[in-house]
There are 4 protein chains.
Amino acid sequence: MLKVAVVGASGYTGVELLRILHGHPEVGVTCVTSEQSAGKRISDIFPSLRGRYDQALENLEPVRVAEKADLIFTALPHKAAMEVVPTFLKLKKRVVDLSADYRLQDAGEYEKWYEPHMSPALLKKAVYGIPELRREKVAGAALVANPGCYPTSIVLGLAPLLRKKLLDPATIIADSKSGVSGAGRSAKVDNLYCEVNDGFKAYGVGGVHRHIPEIEQELSLLAGEKLTISFTPHLVPMDRGILSTIYARPVKKVTVEQLVSLYSEFYHGEAFVRVLPLGQFPSTSFVRGSNFCDIGLTVDQRTGRVIVVSAIDNLVKGASGQAVQNMNVMYGFPENLGLEGLALFP
Amino acid sequence: MLKVAVVGASGYTGVELLRILHGHPEVGVTCVTSEQSAGKRISDIFPSLRGRYDQALENLEPVRVAEKADLIFTALPHKAAMEVVPTFLKLKKRVVDLSADYRLQDAGEYEKWYEPHMSPALLKKAVYGIPELRREKVAGAALVANPGCYPTSIVLGLAPLLRKKLLDPATIIADSKSGVSGAGRSAKVDNLYCEVNDGFKAYGVGGVHRHIPEIEQELSLLAGEKLTISFTPHLVPMDRGILSTIYARPVKKVTVEQLVSLYSEFYHGEAFVRVLPLGQFPSTSFVRGSNFCDIGLTVDQRTGRVIVVSAIDNLVKGASGQAVQNMNVMYGFPENLGLEGLALFP
Amino acid sequence: MLKVAVVGASGYTGVELLRILHGHPEVGVTCVTSEQSAGKRISDIFPSLRGRYDQALENLEPVRVAEKADLIFTALPHKAAMEVVPTFLKLKKRVVDLSADYRLQDAGEYEKWYEPHMSPALLKKAVYGIPELRREKVAGAALVANPGCYPTSIVLGLAPLLRKKLLDPATIIADSKSGVSGAGRSAKVDNLYCEVNDGFKAYGVGGVHRHIPEIEQELSLLAGEKLTISFTPHLVPMDRGILSTIYARPVKKVTVEQLVSLYSEFYHGEAFVRVLPLGQFPSTSFVRGSNFCDIGLTVDQRTGRVIVVSAIDNLVKGASGQAVQNMNVMYGFPENLGLEGLALFP
Amino acid sequence: MLKVAVVGASGYTGVELLRILHGHPEVGVTCVTSEQSAGKRISDIFPSLRGRYDQALENLEPVRVAEKADLIFTALPHKAAMEVVPTFLKLKKRVVDLSADYRLQDAGEYEKWYEPHMSPALLKKAVYGIPELRREKVAGAALVANPGCYPTSIVLGLAPLLRKKLLDPATIIADSKSGVSGAGRSAKVDNLYCEVNDGFKAYGVGGVHRHIPEIEQELSLLAGEKLTISFTPHLVPMDRGILSTIYARPVKKVTVEQLVSLYSEFYHGEAFVRVLPLGQFPSTSFVRGSNFCDIGLTVDQRTGRVIVVSAIDNLVKGASGQAVQNMNVMYGFPENLGLEGLALFP
């Protein structure tokens, strides 16, 4: 049995990791940490876990954590992650990092969007963990940078078209919408129920959201050339889910049928990407709580634009589920082990 | 592998059965029926199932269904169930019926609250399936009447106190609140999003809800005497969940500590009933999607009343999860098999 | 034109006062204060007000506020109110206080549920402002204690029966449900969107909520004898609204028809209490944003209990709307002036 | 006092008209009709109206309606409107039609997107009623075609840029999101609470939504040339509100400051369009229940695209509020009369 630690267990990605790992037959959770709630039982923070995870939350002392676990999930805010990940690696532990700290290959980009990087040398070793696109590298990685939620929805949504060089790279617009859990569990007026409920807004408008460099890095790799996109995130009054509506001009005329078969082929055999039949489009409702990415495709006959709509659960395929999927790849478990839970609908 | 059929698969309890059974290692779903959507793929009705359940929905022809399955879950409206259940039994199939048709032992009561019963003889054979209270009878039953959602929350909430004869039976008031999925999936103006969202109301006020005879039957059996309760259901703007706040006068003074230890003992070893520590009370959020019943207890020092608060997911412990739990008992599977999914929070 | 100040304008009752007063033809808002946001425009805090209220928020300096206004609404937390109200009164200003500080007549009760009172002498002068029950006293008051939201729903719900001494006072149970805005606008994890959405819970279970002494004070006055109730508040995933389901035993048999006519008579001519026709029950949806209190009535034939269901908008009739209604009474304006807004449905 | 009729009063735009008109001092509602609910009191359909509108709903007999009213609001589905509007006009009544029937100038376009038009001659006489753009024509119109909700948000959002010919007309993409009330009040499974709640989806993807010809007609008039857009509507789990995120390439470099001042000038003096300060973007929460259109502006420095975000309440500025605004213009009332209600927040 693989011993794993969940570092940062009192946030939403932390509790989601525990929920998923409870159904994984090859894993035991040997350590959970939380700076804010150390000493308390994890089930007093999240009563959903009562009777199944009742252990006490520990302070984050990297050496002690490393003694208890072989694989460490770091579900920390950016910066907090890079303060401990190097220690874990030095102690020969493997890490799946859910923060943004090891997603960008270029330390300069990281500094531009975040702050100076504390362990830039690790950026070259980290593997950006979208198993559908980089399975072999994930398998051998010591450090997997688990992708952001918005990037996952957009990168999976565009990969087939970009690999085939079918899009004009200057025309990509991704209009994305997220549930509120993406904002985390810290106490801010902006995320109070009454501030969010029954309303809808854009935020980070104008190309300023920190997921942009990550999205462009991955899309550029797929396209084989540097590209720039317009990306606008929005806040939906719901707990979970991301839906991205992506617009781009094809370099040559393409039909919907061609799109659907291109995508179906590209993702053939993938356990977690569902290319929807012609005329169907995804809803976050149908991936809620599951590790699926659902993709719907069309061509706007009047303007010639390709439109891709992709949906994921931001806490599962956009975070903790993909982290477990990466773990499965790293340890040679069946990739869907513990991840077969279907969406909770309604 | 046990072959099961889900009759009435296009409703919310139907899709929930399929979601749960997908994680059950000993079961194969060999037949799904729907009168409204026969011929369509179940995954076109519920895209959450795509890639895992893509079979076509069939018309409900009892003999054909019985040929395909050993155990049949009937997730039908009342009356529709009793039109087919006798056939299944005659063909030596076992049935877990999620409708109200076999829950009342007395055909006269059924007629009073519903309509004339079509197979009154079966009422004596049917076992009202709350495994925590009637495990042995369920194990041997050919026909299990799966309890209603409100009754499950109230009966589990009061069982220890009633068995011990600690309550004045004339003083019980159950004020219950349910999510909207309890109203089913039929197209009615009353259940439209805009009619329900951001509002709260009582319905069936004044002792007229059809779950009352079922609740009183079970509470009376526990108390060893016929009792009558006040029960008011309410509609909460959420998908799932029932929370019942239950008031009663004890026959003698009782402390909170005594209550908690009485309940902890009564439910000791139960996989799905969690008696909360002193001072904690349940939320439907922490049972959403899971088979748990969470129970919180207190005594109002100022009035002497005992207050029990119980919470379940109406589609899981209140319907499909309890149905699978009953199935596990009937077939000797571990009672929690396929039912270990923790609540989706947030 | 009456000059009014809104002290504590950056909370939910503050912005609701401004929303309502914008439609009041006899009033000008000459001063808005906020400790947290002094110096900012109120419309930068609440963009709903942009173009109509763009003035800057001031620090709360009581003498300066009193110079600018004749009537002061104090929309502050308890304790903060009693730190400034005496100054306002000394300066011959009239006050409608939306906090709990002047609602209890007995300083000892205040201390028991809150803390030592700083101006106990004012408790005798303050008028508990439910205009439907105490219109003349409100008219002449210098200090009106604006009732709490839960108490408003319960007191209006029981007044006719208690005045007529038709209830056994030992049998009253009020099971109340509130929207989230009742918890205020401070940044707490418990009130985050994801903690509340799609869930339902009880809180303050067991007779410990601070509205209890206020409810019992008013009910006792109505009944002409000291009484004690069971009261359980619950949190509903919606912005606004309180619905109270109230159970009690009548001292003699009573029919629904008698109840409806008793209430219709008692509230005859009232602008804001709507006694629903026989068989109808209220929903918070139909009072959302309005100053109405809707009341539905029945008798449980099986148990003999009377059931009253009352609904208000906690921010309007339960706070800011009732405050403006009190102002109208105090200044001889038509009682419904500025308060005729119908519920926003859907 | 102006006598008005609301034809189709049992839908959401109907009840919203009544809510708004209740606060209008110059108007009396003399007739309300509903095919489905004729004979019932309007307050039994919408209890929010109780005590203020208790009149009976009538069948829609155009001649009788015309006898009772001078101005008729037709809040009917498309086709149903054009079956009665010609009669009202023949009887010298003025009409504000909230359906789609008279919005397109070209009967061929109407037939292409809807069906053959029954009174094409009226299309030339009808005035597309966005008062901000066409105030004088509305003032003199006998028939005002009240704009659709999506078109209102997009046309007001782009008008200043298009009038100034600052955009490349081939690059416009409008990604719009709507609350559920836009789908109307008919009983469909798709609009049930549990189908919509806590989820998000696109619909009408690929340039097939019927609001497209209307949007393009108005944008083309503003631009002075025929243009084509990409438009994708989405469904947000909230009752009310539309937010449109609009992307386009400017024909020459433009700064955010220039945008804000262009818009501020263009909408100077308008009662209901609020151009937000630099760096602020709208939320539907802050227009909920009000007649405002809030507009936020930016330029994506990295891609050079202009991004406009506009928000309205689909039932107010997107339907009934704009209808009353048009009425005010038609009858020479102050344009904001009865429309000063601020957003209900929270």
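In what follows, chains carry the letters A, B, and so on, assigned in the order in which the sequence lines appear, proteins first and then strands, with residues in each chain numbered from 1.
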- [ ] Among the options C:Val309, C:Ile307, C:Thr245, pick out the one with the most heavy-atom pairs lying under 4.5 Å from chain B.
- [x] C:Thr245

TODO: Under 4.5 Å, counting heavy-atom pairs only, tell me which of C:Asp239, C:Ile173, C:Val287, C:Thr171 racks up the most with chain B.
DONE: C:Ile173

Side chain / backbone / both / neither for [X] at chain C, heavy atoms under 4.5 Å:
X: B:Pro282; value: backbone
X: B:Thr284; value: both
X: B:Val205; value: both
X: B:Phe345; value: side chain
X: B:Leu192; value: neither
X: B:Glu216; value: side chain

- [ ] Please tell me if the side chains of B:Ile229 and C:Arg302 come closer than 4.5 Å, counting only heavy atoms from C-beta onward.
- [x] no

- [ ] For residues B:Asp175 and C:Lys177, determine if any side-chain heavy atom of one lies less than 4.5 Å from a side-chain heavy atom of the other.
- [x] yes

Open item on the list: Check this for me: does any side-chain nitrogen of one of B:Lys201 and C:Asp294 sit under 4.0 Å from a carboxylate oxygen of the other?
Closed with: no

With only heavy atoms counted, which part of [X] is less than 4.5 Å from chain B, the side chain, the backbone, both or neither?
X: C:Ser285; answer: both
X: C:Phe281; answer: side chain
X: C:Leu297; answer: neither

Open item on the list: Looking at C:Arg305 and B:Gly206, would you say the former's side chain and the latter's main chain have a donor-acceptor pair under 3.5 Å?
Closed with: no

- [ ] Answer yes or no: is there a donor N or O on one side and an acceptor on the other, between the side chain of B:Arg240 and the main chain of C:Asp198, under 3.5 Å?
- [x] no

- [ ] Walk me through it: do C:Ile242 and B:Phe200 pass the test side-chain contact (heavy atoms from CB on, under 4.5 Å)?
- [x] CA-CA 8 Å; C:Ile242 282 182; B:Phe200 184 86; over 6 Å; no

TODO: Give the C-alpha distance, both sets of side-chain angles, the deciding distance and a yes or no for side-chain contact (heavy atoms from CB on, under 4.5 Å) between B:Thr232 and C:Tyr247.
DONE: CA-CA 10 Å; B:Thr232 312; C:Tyr247 304 84; 2.8 Å; yes

TODO: Locate the shortest heavy-atom distance separating B:Pro237 from C:Met238; write the atom from each residue and the value.
DONE: CG-CB, 4.5 Å

Open item on the list: Around atom NZ of C:Lys164, are there more than 12 heavy atoms from other residues, nucleotides or ligands closer than 6.0 Å?
Closed with: no

TODO: Give a yes or no on whether C:Lys188 atom NZ has more than 12 heavy-atom contacts from other residues, nucleotides or ligands under 6.0 Å away.
DONE: no

Task: Stepwise side-chain hydrogen bond (donor to acceptor under 3.5 Å, both in side chains) test for B:Ser230 and C:Thr303 - done: CA-CA 7 Å; B:Ser230 281; C:Thr303 64; 3.1 Å; yes

TODO: Show the numbers, then the answer: is there a side-chain contact (heavy atoms from CB on, under 4.5 Å) between B:His234 and C:Leu243?
DONE: CA-CA 10 Å; B:His234 299 74; C:Leu243 187 132; 4.0 Å; yes

